[in-house]
Amino acid sequence: MPELPEVEVAARNLRQWMVGEVVAGVEAPDEKVLAAGTGAEWEAALCGRRCLGVARRAKYLLMDFEGGHTVVAHLRMTGKFVLVPAGESEPAYVRFRFLLTDGRRVLFRDMRRFGRAWLLPTAAVAAMPELAKLGPDAYLEPLGPRELAERARRSRRPVKTWLMDQTVIGGLGNICASEILFRARIAPERPADSLADEEIERLAAAIPDYLEWAIRAQSGPEIIYIAERRDANPFAIYGHGGEPCPRCGAALARKVIAGRSTFSCPVCQAPS
DNA sequence: TAGTATGTTGGCGC
DNA sequence: AGCGCCAACATACT
């Protein structure tokens, strides 16, 4: 379920589980997710090495290891990192796993198998094309109104589609975009270059405000024995089409923009 | 059965 | 070049 907030939570969890730990083994039951390096190469590069740090850039996770190797991972639609305590059994859809010296295992699960993980020399990470083309991270490097306006001015696309462009801002996905535009009271179909200064200011503030809220709301360790329950939808408007707007009570709309479900309040976010 | 799914890439056409 | 649109990727749920 990965957009920036979920990936940030995954990074914090991985940091807690992995940093300072020595990898006792690497196994890849499904090598399809290994986009760079074979299972044998992963094992050779990482076995016996300590994890030095975990970082996040947009929706990518980066794990640095002794010996000069980095694992870059993208969860795509259904990827997830999970910690399994020693002796506990594993869930389905495990694509690779790190074995730790105390018997705990860190799993990469991914039902739909869209997720990818690359083993790279740490020195080669900066040149990885997927990372090199990312815009500034929406949470770690928030754009101020001036820079945001300058970028928006260059695009006539719907502001919602523009916000999801990873080369403009890194990390915002389909849910984030709807929720942020609701906070900023901007209609998602508005061309990016049509926003007034005060709308840009609201947008610049809504991005970190929403991300702070979402990271907090989704924090919590993914540990296998905590059953995944179907929680109530935590979002203000995403997935709430037809329900009353939490701000004004009007019926929330669902429409498709650039092929993606988009939610908005036709009153609070009236196109002007 | 058809429609839907929090992401990304690549092809086609304008 | 930039953009919209669509299919593909693979699987599950309603």
Side-chain angles (χ1 to χ4, degrees), chain A residues 1-11 29-36 56-61 72-81 91-96 108-118 128-135 137-139 151-182 188-194 207 210-211 213-215 217-220 222 228-242 253-264:
Chain A
M1 315 146 180
E3 289 184 45
L4 187 153
E6 296 86 344
V7 182
E8 176 63 25
V9 170
D30 181 4
E31 293 208 19
K32 183 181 172 73
V33 307
L34 306 186
R56 178 192 61 74
R57 288 194 50 193
K59 301 173 198 169
Y60 291 84
L61 289 160
V72 179
H74 196 299
L75 307 173
R76 292 284 179 96
M77 292 287 271
T78 52
K80 186 175 278 194
F81 280 98
Y93 314 122
V94 176
R95 308 307 179 193
F96 66 85
F108 182 86
R109 304 182 64 190
D110 185 17
M111 181 180 75
R112 285 169 73 176
R113 306 166 84 207
F114 290 167
R116 291 290 179 270
W118 297 256
M128 183 179 172
E130 291 89 338
L131 295 181
K133 68 185 184 190
L134 292 172
D137 187 272
Y139 181 67
R151 285 164 187 255
R153 209 171 57 204
R154 298 201 295 256
S155 174
R156 264 166 292 182
R157 305 154 83 189
V159 60
K160 189 250 189 177
T161 307
W162 173 77
L163 276 179
M164 293 184 351
D165 183 339
Q166 301 298 297
T167 69
V168 174
I169 300 172
L172 303 182
N174 199 40
I175 294 178
C176 290
S178 277
E179 295 286 313
I180 286 167
L181 289 168
F182 174 70
E189 56 269 59
R190 290 272 303 282
D193 67 357
S194 76
I207 292 169
Y210 170 74
L211 294 173
W213 172 84
I215 290 167
Q218 316 204 35
S219 285
E222 287 290 348
E228 289 182 88
R229 18 181 289 255
R230 296 189 67 88
D231 288 296
N233 178 345
F235 302 110
I237 61 166
Y238 187 88
H240 290 297
R254 174 193 181 275
K255 58 190 79 171
V256 174
I257 298 178
R260 312 299 301 276
S261 281
T262 304
F263 296 85
S264 61

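In what follows, every chain begins at residue 1, and chains take the letters A, B, ... in the order their sequences are listed.
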Visitor: For A:N174 and B:dT6, what is the distance between atoms CG and C1' respectively, to the nearest whole Å?
Guide: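 For the pair A:N174 CG and B:dT6 C1', the rounded distance is 7 Å.
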Visitor: From C:dG4, C:dT11, B:dT8, pick the nucleotide closest to the side chain of A:Y93?
Guide: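 Shortest atom-to-atom distance from the side chain points to C:dT11.
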Visitor: Taking any heavy-atom pair under 4.0 Å as a contact, classify A:R260: base, sugar-phosphate, or nothing.
Guide: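 Base contact.
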Visitor: Indicate the ring-plane relationship of A:F235 and A:Y238, choosing parallel, tilted or perpendicular according to the 30° and 60° boundaries.
Guide: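 Because their plane-to-plane angle is over 60°, the rings of A:F235 and A:Y238 count as perpendicular.
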Visitor: What's the NZ-C1' distance between A:K80 and B:dT6, to the nearest Å?
Guide: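 These atoms are roughly 11 Å apart.
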Visitor: Reckon A:G173 touches a base, only the sugar-phosphate, or nothing at all at heavy-atom distances under 4.0 Å?
Guide: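 Sugar-phosphate, backbone atoms only, no base.
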Visitor: Between A:R113 (CZ) and C:dC9 (P), how many Å, whole number?
Guide: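 Roughly 12 Å, once rounded to whole Å.
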Visitor: Taking the P atom in each of C:dC6 and B:dG3, what is the distance between them to the nearest angstrom?
Guide: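 Pairwise P distance, C:dC6 against B:dG3, rounds to 14 Å.
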Visitor: Considering Watson-Crick and G-U wobble pairs with both distances under 3.5 Å, what does B:dT6 pair with?
Guide: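 Per the H-bond distance test, none.
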Visitor: Under a 4.5 Å cut-off applied to non-hydrogen side-chain atoms, are A:Q218 and A:P234 in contact?
Guide: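 No. Closest side-chain heavy atoms not under 4.5 Å.
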Visitor: Which part of the nucleic acid, if any, lies within reach of A:P191 when heavy atoms closer than 4.0 Å are counted: base, sugar-phosphate only, or nothing?
Guide: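 The residue A:P191 makes no contact with any strand.
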Visitor: Starting from C1' on B:dT6, measure out to CE on A:M77 and report it in whole angstrom.
Guide: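 Result: 6 Å.
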Visitor: When the P atoms of B:dG10 and C:dA10 are considered, how many whole Å apart are they?
Guide: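 That atom pair is separated by 15 Å.
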Visitor: How close or far is atom P of B:dT6 from atom CE of A:M111, stated in whole angstroms?
Guide: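 Those two atoms, CE and P, are 13 Å apart.
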Visitor: Please give the nucleotide sitting opposite C:dA10 as a Watson-Crick or G-U wobble pair, both distances under 3.5 Å, or none.
Guide: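 Partner of C:dA10: none.
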Visitor: Rounded to whole Å, please give me the gap between OH in A:Y60 and P in B:dT6.
Guide: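 Roughly 18 Å, once rounded to whole Å.
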Visitor: Rounding to the closest angstrom, what is the interatomic distance between B:dA2 and C:dA7 at atom P?
Guide: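 Pairwise P distance, B:dA2 against C:dA7, rounds to 15 Å.
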Visitor: Taking atom C1' of B:dA5 as reference, at what distance in whole Å does atom CZ of A:R76 sit?
Guide: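 In whole Å, B:dA5 C1' lies 15 Å from A:R76 CZ.
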Visitor: Under the 3.5 Å rule, do the base of C:dA10 and the side chain of A:R112 count as making a donor-acceptor pair?
Guide: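 Result: at least one qualifying N/O pair found.
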Visitor: For A:F96 and A:F108, take the angle between the two ring planes, folded into 0 to 90°, and tell me which bin it lands in: parallel under 30, tilted 30 to 60, perpendicular over 60.
Guide: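 Because their plane-to-plane angle is under 30°, the rings of A:F96 and A:F108 count as parallel.
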Visitor: Take atom CD1 of A:I257 and atom P of B:dT6, then tell me their distance rounded to the nearest Å.
Guide: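 Roughly 13 Å, once rounded to whole Å.
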